[in-house]
Amino acid sequence: MEKFFSQSQEYLPFLFQGVTYTILVMLCAFALATGLGLILAFMRVSGIVPLAWVARTVIVVVRGIPGLVTLYYIYFVFPDFGIALTAVQAAIIGLGIAYSPYMAEIFRAGIEAIDRGQTEAALSIGMHWGLVMRRVVLPQAVRVALPPYGSTMVMLLKDSSLASTITVADLSLQGKLLASSTFENTTVFTLVALIYLAMSLPLTAFNSWLERKLRRS
Amino acid sequence: MSVIELKHVRKSFGTHEVISDVSFSVEPGEVVCIIGPSGSGKSTLLRCINGLETYQGGEIIVHGESVDATKSRIRGIRTRVSMVFQRFNLFPHRTALENVAEGPIYVKKEPRAEVYARSRELLARVGLGAKMDAYPAQLSGGQQQRVAIARALGMNPDAILFDEPTSALDPELVGEVLSVMRSLADEGMTMVVVTHEMGFAREVADRVLFLDGGVLVEQGSPDEVLGRPQNARTQDFLRRVLPA
Ligand SMILES: Nc1ncnc2c1ncn2[C@@H]1O[C@H](COP(=O)(O)OP(=O)(O)OP(=O)(O)O)[C@@H](O)[C@H]1O
Ligand SMILES: [Mg+2]
């Protein structure tokens, strides 16, 4: 145990360098997935058949491909088409795309949970589609979508470790490098696991707090 | 000029024709009640007038303007013809006052302070002066429907369409809603009311329309249609709904 603490002091600074990338990739990919997910969800509920069809197809295709393969594709295949990205850029874009179908379905479920009668009431006072969404549907859909949205953030935090496979020096890659140079597998990977946990637990706690708060109001 | 005019309107869902060649008009200040059995197309007819449904034949004209649910002009028409729904359809995340103010502020872009002042007056007028800040879930069905009527009035409409406004209410709450509607009629509001309340139709309507199977079977004064119906289908329907 004493050894664990003394080694920890030595290893933590190196691992924290990785944490920066983990958080960077997670937050940017989350923002991108949210944006893409909103667009896909709006296309699906737009009532415009070709738009809904395109969105459905994109969702099915992207969801059917492992996130890891999406990352490989963007990092290793895109350069063949003249699109060369840094590892961090590729990780953000890849994870953002890979997560967008889940976001889209979360938002769509939230939107569709709102009673059709309210949409009609809003239309009947002369609102246009955007205003119906902004003033009537979305404020209520948020309550439905927030809990699953929050858990997706935790999932994305963990899946950001996929970025290490395309050389992003995130927490998991730093851990791997450290372990292979020190052979202290137990200490290093215990620390890595604890750091991931330390990041995800507050997120989970925040989610449950938010959920309780929403349920009460 | 008629407020609302229907000329040979036809509407089908797929191959199922639910409105067949319906023509009638509503004059300013008139109260028209539409009665008829379930599934006869009463709701569909109102929804066509408000552009919530498209129709396939004939023409619906509101204040000289043709109603086309696929054109953006429909929004202008909707601000002039309000609708009150069977299930109230209030916005549950907004207070009674906000429900009434929503359209004038966000659709008609009227100044907030004026809108709130007027909305308060309207709520007071439907007997809800004490419930301005209540959310719909905190109100009874009758109170919710009165908020919905205030919301319709808030748009300063030329006419209000009511689709069975009391059918979802407990019997003891029907009276408060009907009395608000009666006072609107007395003040000269143009109204089209789909209803099963024959007493209301008899006392308040200027004209009663009987719709059956999408066909406008008979129309006339309440005395004529409810008292001395000429058509066998009307007679049959009234025998079933009116207490002997
Ligand atoms: N969205 C729809 N799709 C297909 N058919 C519909 C749709 N809406 C209504 N209908 C059909 O149209 C017909 C007329 O319905 P509508 O709701 O207008 O009747 P109603 O007179 O209002 O009846 P009620 O007194 O029960 O409210 C019915 O046969 C109904 O099944
Ligand atoms: Mg109906």
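The chains referred to below are lettered A, B, ... by the order of the sequence lines, with proteins before strands, and numbering in each begins at 1.
- Glu121(B) has no carboxylate O lying under 4.0 Å from a charged side-chain N of Arg118(B), or vice versa, which leaves the two without a salt bridge.
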Quiz item: Does the pair Lys71(B) and Glu65(B) meet the rule for a salt bridge (Lys or Arg N to Asp or Glu O under 4.0 Å), with working shown?
Solution: CA-CA 12 Å; Lys71(B) 297 263 162 62; Glu65(B) 194 165 358; over 6 Å; no
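- Of the atoms belonging to Leu123(A), heavy atoms from both backbone and side chain fall under 4.5 Å from chain B.
- By the 30° and 60° cut-offs, the orientation of the rings of Phe30(A) relative to Tyr149(A) is tilted.
- Although no hydrogens or angles enter the test, the distance criterion places no donor-acceptor pair under 3.5 Å between the side chain of Tyr75(A) and the main chain of Thr167(A).
- For a residue to count as touching a neighbouring chain, one of its non-hydrogen atoms must lie under 4.5 Å from one of that chain's; by this rule Val81(B) touches chain A with the backbone only.
- Glu102(B) has no carboxylate O lying under 4.0 Å from a charged side-chain N of Arg151(B), or vice versa, which leaves the two without a salt bridge.
- There is no contact between Arg80(B) and chain A, counting heavy-atom distances below 4.5 Å.
- Contacts between Phe85(B) and chain A at a heavy-atom distance below 4.5 Å involve the side chain alone, from C-beta outward.
- Ranked by heavy-atom pairs under 4.5 Å with chain B, the list Ile125(A), Ile114(A), Thr119(A), Asp115(A) is led by Ile125(A).
- Using a 4.5 Å cut-off between heavy atoms, Leu161(B) makes no contact with chain A at all.
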